[in-house]
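Quick notes on the structure that follows.
Values reported hereafter were calculated over all heavy atoms of this structure, with side chains retained and with hydrogens, waters and symmetry mates removed. None of these values were measured; they are calculated from a predicted model.
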2 protein chains.
Amino acid sequence: MIEDEKNTDINNKDLDEETLFVVSQTFKALGDPTRIRILHLLFHSEYSVNGIAEALKLRQTTVSHQLRFLKNLRLVKYRREGTTLFYSHDDEHVMNVLEQTIQHACHS
Amino acid sequence: MIEDEKNTDINNKDLDEETLFVVSQTFKALGDPTRIRILHLLFHSEYSVNGIAEALKLRQTTVSHQLRFLKNLRLVKYRREGTTLFYSHDDEHVMNVLEQTIQHACHS
DNA sequence: TTAAAATATGAATATATATTGATATATACA
DNA sequence: TGTATATATCAATATATATTCATATTTTAA
């Protein structure tokens with residue numbers, strides 16, 4: 001069998017570019033302490049931007065920037081109520097991975 | 001109940017510093033495409049440093065640096081055979097999380 | 001339509017990180 | 001002991017990223 005440069009072979013031990021991109025982006029999102037804290041907070045319930053900032057003692061602008069990051073990856077979503085935006089998590093798989101790993105880190 | 005600055009309260013929605021550090025380091029390791037490719041390769045079997053470099057078309061020095069990174073986090077280990085070092089994965093939980101997420105990314 | 005409140009955006013800065021070429025170290029063996 | 005092979009380390013560079021201040025946008029209500 002001729003080796004495929006573009007690596008479409010299902011048996012190939014290397015990953016295709018698109019999968020690699022998605023996976024690395026996902027883990028990159030979970031690789032920052034601030035984003036971890038935000039996601040972990042949202043695990044329990046929805047929060048407004050200021051609510052997150054107060055709960056975690058972060059600046060509003062920091063929270064907003066990180067929420068945009070998480071939103072772009074569809075890891076969070078929001079609903080509007082007046083001028084307030086309530087954010088909640090939007091990816092069960094990622095939340096499971098996060099909480100699993102937190103538990104694993106705590107109990108070891 | 002008085003709020004604890006150091007956040008030792010088990011009901012607190014924020015994470016303690018040590019857990020946060022371990023979790024973020026772990027995900028940071030998985031947040032880089034090169035390290036993902038290396039770990040995914042090691043999922044199947046052990047490889048020498050040059051073996052990894054050849055399989056993934058990376059430079060020896062790049063592979064060596066990333067292996068040191070992964071070794072520091074105890075995500076990989078190695079055994080020596082002459083001048084050759086055979087690396088293999090050393091954290092079942094992290095490998096499960098990685099492979100799960102790869103499967104999730106492929107089939108969606 | 002003006003003000004206030006909540007959130008988002010832009011630009012700047014500081015820090016972290018990945019890769020690389022050059023070189024050092026370590027092991028085996030002639 | 002000297003050489004070849006495999007791997008690790010160092011230093012430099014380029015790029016990515018997180019945070020911040022200042023300001024813009026959006027929505028509501030007076």
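When all heavy atoms are compared, the tightest approach of B:V23 to A:T101 is CG2-O, 4.0 Å. The heavy-atom pair separating B:G31 from B:P33 by the smallest distance is O-CD, 3.9 Å.
One interatomic measurement links the two molecules: OH of A:Y47 to C1' of C:dT7, which rounds to 19 Å at whole-angstrom precision. Atom CD1 of A:I38 and atom P of C:dT7 are 13 Å apart (whole Å). Computed from coordinates, the A:K28 NZ to C:dT17 P distance equals 12 Å when rounded to whole Å. Between the CG atom of B:D32 and the P atom of C:dA16 there is a distance of 17 Å, rounded to whole Å. Atom P of nucleotide D:dT7 and atom NZ of B:K77 are separated by 18 Å, given to the nearest angstrom. For the pair B:K57 NZ and C:dT20 P, the interatomic distance rounds to 15 Å; values are reported in whole Å. Following rounding to the nearest Å, A:L56 (CG) and D:dA18 (P) show an atom-to-atom distance of 16 Å. Rounded to an integer number of Å, the gap from B:Q25 CD to C:dA16 C1' is 11 Å.
Contact annotation: A:Q66 side-chain N/O to D:dT17 OP1/OP2 distance is not under 4.0 Å. Under 4.0 angstrom from either OP1 or OP2 of D:dT19 there lies no side-chain N or O belonging to A:R59.
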Which atoms of nucleotides 8-12 of chain C (N or O only) lie under 3.5 Å from a protein N or O atom, and what are those distances?
unit_1: C:dA8; atom_1: OP1; unit_2: A:Y87; atom_2: OH; d: 2.5
unit_1: C:dA8; atom_1: OP2; unit_2: A:S64; atom_2: OG; d: 2.9
unit_1: C:dA8; atom_1: N7; unit_2: A:Q60; atom_2: NE2; d: 2.8
unit_1: C:dA8; atom_1: N6; unit_2: A:Q60; atom_2: OE1; d: 3.4
unit_1: C:dT9; atom_1: O4; unit_2: A:T61; atom_2: OG1; d: 2.7
unit_1: C:dG10; atom_1: O6; unit_2: A:H65; atom_2: NE2; d: 3.0

Every protein N/O within reach of nucleotides 27-30 of chain D N/O, cut-off under 3.5 Å:
none

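A:V76 is not connected to A:V22 by any chain of hydrophobic side-chain contacts under 4.5 Å among Ile, Leu, Val, Met, Phe, Trp and Tyr, and they are in different clusters.
Electrostatic pairing of A:R74 and A:D91 does not count as a salt bridge here, judged by no charged N lying under 4.0 Å from a carboxylate O.
Of the two residues contacting DNA chain D, namely A:F69 and B:T84, the nearest-nucleotide position lying further toward the 5' end is that of B:T84.
Ring geometry, B:H40 versus B:H44: the interplanar angle exceeds 60°, so the pair is classed perpendicular (tilted spans 30 to 60°).
The number of heavy-atom neighbours closer than 6.0 Å to CZ of A:F69, taken from other residues, nucleotides and ligands shown, is above 12. The environment of A:Y78 atom OH is sparse: at most 12 non-hydrogen atoms of other residues, nucleotides or ligands sit within 6.0 angstrom.
Checked by atom type and distance alone, the side chain of B:R35 pairs as donor or acceptor with a backbone atom of B:K28 at under 3.5 Å.
Closest to the side chain of A:N50, from the set C:dA18, C:dT7, C:dT20, is C:dT7.
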Exercise for the section: Output, in order, the C-alpha distance, side-chain angles, deciding distance and verdict of side chain to side chain contact (heavy atoms under 4.5 Å, CB included) for B:L98 and B:I36. Expected result: CA-CA 8 Å; B:L98 175 61; B:I36 292 174; 4.1 Å; yes
